[in-house]
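Computed from a predicted structure; not experimentally measured. In what follows, every chain begins at residue 1, and chains take the letters A, B, ... in the order their sequences are listed.
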Protein chains: 2
Amino acid sequence: MIEIQKTENSRPYTEILNKIKSVSLRPTRQRLALGKLLFDDADRHVTAESLHEEAIAAGIKVSLATVYNTLNRFAAAGLLTEVVVAPGRSYYDTNITNHHHFFCEDNGTLEDIPGDAIKLASLPEPPLGTKVKRFDVVVRVEKD
Amino acid sequence: MIEIQKTENSRPYTEILNKIKSVSLRPTRQRLALGKLLFDDADRHVTAESLHEEAIAAGIKVSLATVYNTLNRFAAAGLLTEVVVAPGRSYYDTNITNHHHFFCEDNGTLEDIPGDAIKLASLPEPPLGTKVKRFDVVVRVEKD
DNA sequence: GTGATTGCAAATCTTTTGCACTAAA
DNA sequence: TTTAGTGCAAAAGATTTGCAATCAC
C-alpha cells in the first residue's frame with residue numbers, strides 16, 4: 001500500500017507512477033518518493049549524496065544504496081542523464097533533452113545551457129572505426 | 001646520483017630535467033622516469049593506474065602513490081591537464097594547449113581534437129556572479 | 001507464489017594521507 | 001643539514017554488491 005498516494009496531491013504521483021511504469025520499473029514507495037523529488041521541478045542536478053540528504057530531510061525513509069540504485073536505474077532507462085564534470089563524483093540531470101552545462105568548480109554547481117544555444121562550427125572526423133554518439137560541452141566558470 | 005642519466009640517451013633526460021626544474025619541482029629518479037614516459041611522445045593520455053603499470057613494465061621502481069602524487073604535482077604545475085570524461089577515473093593529458101577530446105566509452109580511449117577544430121557559434125551569458133574560465137568539448141563516440 | 005526491490009553491511013575501487021626513511025639542495 | 005619526496009600501509013570517499021527480508025505483480 002502506497003499511503004502517500006492518498007493525499008490531495010495525487011495527480012503528480014500519478015504522473016511519476018506512469019513515468020516509472022513506462023520504463024518497466026516497479027513503482028516502489030522509494031522510487032515514487034525519489035521520483036517526486038526529482039521530477040516535480042525542471043532541470044534538477046543531484047548527486048546520490050545530495051538526493052539522499054534531501055529525501056531524509058523530507059521524511060522519506062530510503063537508504064543511500066537504494067538512492068544509488070534508483071539513480072542508476074532511472075539513468076539506464078533514460079529518465080535521467082549522468083553528467084561527468086568533476087572527478088570522483090557523479091551528477092544526475094533531470095533534463096534529458098540535448099543540452100550542455102555551466103559548471104562552477106568553486107561550489108560544484110551545475111546549470112543547464114539549452115542545446116540550441118551552442119553550435120559547433122565544425123567537427124573533425126571521429127577516430128577510425130567509430131561514429132559520433134553525441135557531444136557534451138562543459139563551460140567552466142569561476143566566481144568573480 | 002641519477003645513474004640513468006649516464007646512458008647515451010642523455011639528451012631527452014636533460015629536457016625532462018629542465019622541464020621539471022622549470023616548475024620548481026625536484027628532479028627525482030621517479031619523476032624523471034615518469035616524465036620520460038609521459039613527455040617523450042606527444043599527446044599521451046594516462047590514468048595513474050595505466051602509467052604505474054607502464055612504469056613497472058619498463059623496470060622503473062615506483063609506487064602507485066608516487067605516481068598519483070607525481071601526476072597531481074605535474075598537473076598543478078601546468079605540465080599536464082586533467083581530463084574529466086568518465087566517472088570514477090581521472091585521465092591526465094600531456095597536451096596542455098587549448099584542445100578537446102574524442103572519448104570512446106567502449107574502451108576508455110581518449111583522442112585529441114585540436115582547439116581550433118572546434119568553434120562555438122555562440123555562448124549564453126554565464127550564471128550571475130561568475131565568469132567563463134574555459135570550455136571543454138567531449139565528443140563521445142562508439143565503435144561501429 | 002514468484003521475481004524484483006530494499007536495506008544493511010561488507011566489499012570494491014580510486015585516490016589521499018601519515019609517517020619513517022631517503023634523497024636533493 | 002635542511003627540506004622535499006618516496007613508499008608503504010592505512011584511511012578516506014564514492015559506489016557497488018551479497019543476501020535475507022519485503023514488496024509489487
Side-chain angles (χ1 to χ4, degrees), chain A residues 1-5 13-14 16-35 45-53 55-56 60-77 79-80 82-92 108, chain B residues 1-5 13-14 16-35 45-53 55-56 60-77 79-80 82-92 108:
Chain A
M1 176 185 63
I2 300 163
E3 108 186 16
I4 205 163
Q5 269 197 295
Y13 272 97
T14 302
I16 289 158
L17 183 84
N18 290 337
K19 192 186 271 267
I20 292 174
K21 278 184 164 177
S22 74
V23 294
S24 305
L25 290 175
R26 289 187 179 178
T28 65
R29 178 176 57 77
Q30 291 85 345
R31 285 176 181 167
L32 281 166
L34 294 174
H45 302 95
V46 303
T47 64
E49 195 74 42
S50 77
L51 183 60
H52 184 240
E53 282 172 16
I56 296 302
I60 299 162
K61 290 189 59 177
V62 63
S63 71
L64 181 57
T66 294
V67 173
Y68 272 105
N69 289 335
T70 299
L71 287 173
N72 285 336
R73 295 303 192 81
F74 281 7
L79 263 30
L80 295 172
E82 189 172 357
V83 185
V84 182
V85 284
R89 169 157 271 140
S90 285
Y91 289 79
Y92 293 85
Chain B
M1 177 186 64
I2 299 164
E3 116 188 9
I4 204 162
Q5 269 195 292
Y13 272 95
T14 303
I16 289 159
L17 183 84
N18 290 336
K19 192 187 272 266
I20 293 173
K21 277 184 164 177
S22 73
V23 295
S24 306
L25 290 174
R26 289 187 180 177
T28 64
R29 179 176 56 77
Q30 291 85 345
R31 285 176 181 166
L32 281 167
L34 294 175
H45 303 95
V46 304
T47 64
E49 194 74 42
S50 78
L51 182 61
H52 183 240
E53 283 171 14
I56 296 302
I60 299 163
K61 288 188 63 178
V62 62
S63 71
L64 181 57
T66 294
V67 174
Y68 271 105
N69 289 336
T70 299
L71 287 173
N72 285 336
R73 295 301 191 81
F74 282 6
L79 264 30
L80 294 173
E82 188 173 356
V83 184
V84 182
V85 284
R89 168 157 274 142
S90 286
Y91 289 79
Y92 293 85

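Contact check for A:Gln30 versus A:Lys61: no side-chain heavy atoms found under the 4.5 Å cut-off. B:Ile16 places a side-chain heavy atom less than 4.5 Å from the side chain of B:Ile20.
Of the candidates C:dT14, C:dA25, D:dT15, C:dA25 carries the atom nearest the B:Pro27 side chain, counting heavy atoms from C-beta on. Taking the side chain of B:Val62 as heavy atoms from C-beta on, and the options D:dG7, C:dG7, C:dT14, the nearest nucleotide is D:dG7. You'll find that the side chain of B:Gln30 is closest to D:dG7, out of D:dG7, D:dT15, C:dT5. Taking the side chain of A:Glu49 as heavy atoms from C-beta on, and the options D:dG5, D:dA14, C:dT16, the nearest nucleotide is D:dA14. Taking every side-chain heavy atom of A:Thr28 into account, C:dT6 is the closest of D:dG7, C:dA24, C:dT6.
Side chain of A:Arg31 to main chain of A:Arg26: a donor-acceptor pair is present (N/O by atom type, distance under 3.5 Å, no hydrogens or angles).
Defined by atom type and a distance below 3.5 Å, a donor-acceptor pair is present between the side-chain atoms of A:Glu82 and A:Ser90.
Counting any heavy atom pair closer than 4.0 Å across all strands shown, B:Asn69 reaches a base atom. Within 4.0 Å (heavy atoms only), A:Ser90 reaches sugar-phosphate atoms of the nucleic acid but no base atom.
In this entry the distance linking NE2 of A:His52 with C1' of C:dC8 reads 11 Å, nearest Å. Computed from coordinates, the A:Ile60 CD1 to C:dT5 P distance equals 19 Å when rounded to whole Å. The distance between atom CG of B:Asn72 and atom C1' of C:dT14, rounded to the nearest whole Å, is 12 Å. Rounded to whole angstrom, the span from the CG atom of A:Leu64 across to the C1' atom of D:dG13 amounts to 11 Å. If you measure from atom CG of B:Leu71 to atom P of D:dG5, you get 15 Å, rounded to the nearest angstrom. What separates CZ of A:Arg29 from P of D:dT22 is a distance of 13 Å, to the nearest Å. One interatomic measurement links the two molecules: CZ of B:Arg31 to P of C:dA23, which rounds to 15 Å at whole-angstrom precision. To the nearest angstrom, C1' of C:dA4 lies 10 Å from CG of A:Leu25.
When each of B:Asn72, B:Ile56, B:Leu34 is paired with B:Val67, the side chain to side chain contact (heavy atoms under 4.5 Å, CB included) condition holds for B:Leu34 and for no other. If you run side chain to side chain contact (heavy atoms under 4.5 Å, CB included) between A:Leu71 and each of A:Leu79, A:Thr66, A:Leu51, only A:Leu51 comes through.
Judged by closest nucleotide on DNA chain C, B:Ala65 is the one of B:Ala65 and B:Arg26 placed further toward the 5' end. Residues A:Ala48 and B:Thr70 both approach DNA chain D. Their nearest nucleotides, taken by heavy-atom distance, put B:Thr70 toward the 5′ side. Residue-to-nucleotide proximity on DNA chain C shows that, of A:Val67 and B:Arg89, the 5′-proximal contact is made by A:Val67.
In this structure, B:Tyr91 and B:Gly108 approach most closely via the heavy-atom pair OH-O, 3.1 Å. The two residues A:Val62 and A:Ala55 have their closest heavy-atom pair at CG1-CB, 3.8 Å.
Each end of the helix from C:dG1-D:dC25 to C:dA25-D:dT1 gets its own axis, taken as the rotation carrying the C1' atoms of four end pairs onto the next four within a five-pair window, and the two axes meet at 30° to the nearest 10 degrees.
The side chain of B:Tyr68 contributes an N or O atom lying less than 4.0 Å from OP1 or OP2 of C:dT15.
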